[in-house]
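The sequence lines fix the lettering, A, B, ..., with proteins before strands; numbering per chain opens at 1.
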Amino acid sequence: MDALLIESDTVFAAFWMTVRLTAVSALGSLVLGVLLTAMRVAPLASLRGAASVYVSVARNTPLTLVLLFTGLGVGANLGVELSDDIATNNYWLAVIGLTAYTSAFVCEALRSGLNTVPVGQAEAARSLGLGFVKTLGLITLPQAFRSVVAPLGSIMIALTKNTTIALVVGVSEASVRMREMIETYGDQVIEIFFGFAAGFVLLCLPMGLAFGWLSRRMAVAR
Amino acid sequence: MTQADLIVLDQVNKRYGEHHVLRDVNLTVRQGEVVVIIGPSGAGKSTLCRAINRLETIDSGVISVDGTPLPAEGRQLARLRAEVGMVFQSFNLFAHKTVLDNVVLGQVHVLRRPKDEAVRKAQELLDRVGIGGQAAKFPAQLSGGQQQRVAIARALAMDPKVILFDEPTSALDPEMVNEVLEVMTALARDGMTMVVVTHEMGFARRAADRVVFMADGEIVEQDTPDGFFGAPSSERAQSFLAKILTH
């Protein structure tokens, strides 16, 4: 346990990066996921098609490839600079990659949620004179969202663990720190593994419980 | 009561594949008139009712509301729908909103009324349909009859020119039918223009200005309640009435 205690500051710093990546990408993918869901049920066929192609591509590409694309393709090759500071630049590239990938899953979850909302809800909204956007935003999506809180929780837990792949764009989150420490403290490999594993469990377990609680609390009675 | 024609259906046709659900339907509803549509299942009554605010599209013919032909999708259609109230068989109250919010929502988001004014109006309407005390509850906490009365209040809150009722009591337990019919009868008395698809013959006799009898997608006959129930002219109507009045 010595190594983890000695390095506790850098371990916490690394996990803090994991938390930041998760939180910002979660927010981003919820926003983009809602937008994609709206496109997938929009009255315009071109919007539906575009969203459907995007979701199919993002969902069926390995995350490592997506992050390599944002890091090497968008960052290095196209020269998109989001910050002068290299570490910050890499951080935002990782956020973009994680958001692009995770939003496809959020979209699929929300779309399956929409299917649980009885068609009469939208009919009642339309017969009051609400248009497409307001019907979706005020009536059907909020109900869809409530019915998929638990699966969204699973997606967010997966996202937390997926942040470890941000190492391919050079973000020093927890798994990077773990590899460095294994190199430095070769005699304590098992302890270091368990230490970092415990760190991820500590992050994810409360998330699972919180989403479970939210899902029961927000369920719509019919 | 010789007032303006509010709803005019002119040669309306609709098919579901081979099934011809509306055949050359012509119908005029005048302002303040209560028209009750009756007929056997599958006659096209609900489709006709839903077509009037374009929840069902039609294949040919013209439906006009207050002189304007129904627009295709878009803002104009939304505006027109705001003027046509609709009460559904399965209530369709917004399940994630309180009773009060159900009645407030359309006023605020469609009519752009200030929130406090909308709340006041909603409370007033809920009192009028006898559920003022339940405003903070969610729809699932109410009985079917109470939910349907909220749905009527929700429609009334938009100050509609006409309210369409699509079998409003068919999904209710028998002991709750009357509380809803009483609200509807009061509305009819107050001069609201209503198109009501129903199997409640008592309501038709009591509240209707005109009874429209449909069968196989056609309007077979229409008459005053006394005329229709007293001496139906068509054979279809005679056999329909014989079946429902003998048990």
Side-chain angles (χ1 to χ4, degrees), chain A residues 30 34 37-49 109-152 211 213-222, chain B residues 46 49-50 52-56 71-98 101-112 137-142 147 150-151 154-160 162-166 171:
Chain A
L30 282 177
V34 165
T37 310
M39 286 171 70
R40 289 205 76 166
V41 296
L44 275 175
S46 53
L47 286 180
R48 285 199 303 273
L110 281 176
R111 205 165 62 101
S112 76
L114 276 181
N115 291 334
T116 69
V117 180
V119 64
Q121 296 284 307
E123 285 186 350
R126 285 158 60 203
S127 71
L128 282 181
L130 293 168
F132 167 76
V133 173
K134 281 191 169 175
T135 297
L136 196 67
L138 294 170
I139 307 300
T140 47
L141 255 188
Q143 293 187 47
F145 192 82
R146 284 155 179 257
S147 73
V148 296
V149 171
L152 281 178
F211 275 101
W213 176 79
L214 258 184
S215 135
R216 281 188 298 278
R217 207 191 134 83
M218 292 177 70
V220 179
R222 297 205 189 278
Chain B
S46 283
C49 188
R50 290 163 57 86
I52 295 175
N53 70 354
R54 213 169 185 275
L55 286 177
E56 301 282 353
E73 294 297 329
R75 269 174 216 283
Q76 279 169 312
L77 178 63
R79 203 169 305 138
L80 182 129
R81 278 177 174 153
E83 296 176 344
V84 178
M86 178 98 192
V87 173
F88 299 88
Q89 180 176 357
S90 49
F91 331 132
N92 295 347
L93 293 180
F94 303 131
H96 63 310
K97 299 274 184 195
T98 62
D101 285 344
N102 264 275
V103 186
V104 166
L105 189 129
Q107 299 184 63
V108 170
H109 288 281
V110 178
L111 303 181
R112 309 214 169 270
K137 290 190 177 170
F138 284 90
Q141 295 170 286
L142 302 188
Q147 288 191 54
V150 175
R154 176 173 70 177
L156 284 172
M158 306 297 288
D159 295 326
V162 51
I163 303 188
L164 312 172
F165 294 82
D166 184 9

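- Side-chain contact between V150(B) and F91(B): absent, with no pair of heavy atoms (C-beta onward) separated by less than 4.5 Å.
- Neither the backbone nor the side chain of L77(B) has a heavy atom closer than 4.5 Å to any heavy atom of chain A.
- Between chain A and the residues E83(B), H96(B), R75(B), the most heavy-atom pairs under 4.5 angstrom are made by H96(B).
- In Q76(B), the CD atom is not crowded: 12 or fewer heavy atoms of neighbouring residues, nucleotides or ligands sit closer than 6.0 Å.
- Within residues 215-222 of chain A, the residues having any heavy atom closer than 4.5 Å to a heavy atom of chain B are V220(A), A221(A), R222(A), listed by residue number.
- Partners of T140(A) under the side-chain hydrogen bond (donor to acceptor under 3.5 Å, both in side chains) rule, at least two apart in sequence or in another chain, do not exist in this structure.
- Between L105(B) and I139(A), the closest side-chain pair of non-hydrogen atoms falls below 4.5 Å.
- A heavy-atom distance below 4.5 Å is found between the side chains of K137(B) and L142(B).
- Of the residues considered (Q107(B), H109(B), R79(B), R54(B)), H109(B) shows the highest number of contacts with chain A, using heavy-atom pairs under 4.5 Å.
- A144(A) approaches G113(A) most closely through the heavy-atom pair CB-C, 3.5 Å.
- A heavy-atom distance below 4.5 Å is not found between the side chains of F138(B) and L93(B).
- A distance-only check finds no donor-acceptor pair linking the side chain of N92(B) to the backbone of F88(B) [under 3.5 Å].
- With contacts defined as side-chain heavy-atom distances shorter than 4.5 Å, the pair R111(A)/R40(A) qualifies.
- Taking non-hydrogen atoms and a 4.5 Å limit, the residue list of residues 117-130 of chain A in contact with chain B, ordered by number, reads G120(A), Q121(A), E123(A), A124(A), A125(A), R126(A), S127(A), L128(A), G129(A), L130(A).
- Highest contact tally toward chain A, considering only P139(B), A157(B), A95(B), is held by A95(B) [criterion: heavy-atom pairs under 4.5 Å].
- Formation of a donor-acceptor pair under 3.5 Å by the D166(B) side chain with backbone atoms of C49(B) is not found in this model.
- For T135(A), there are no side-chain hydrogen bond (donor to acceptor under 3.5 Å, both in side chains) partners, not counting sequence neighbours.
- Looking at F94(B), both its backbone and its side chain come within 4.5 Å of chain A, counting heavy atoms on both sides.
- Comparing A155(B), A151(B), A140(B) by how many heavy-atom pairs each has under 4.5 Å with chain A, the most go to A140(B).
- Contact check for V87(B) versus L164(B): no side-chain heavy atoms found under the 4.5 Å cut-off.
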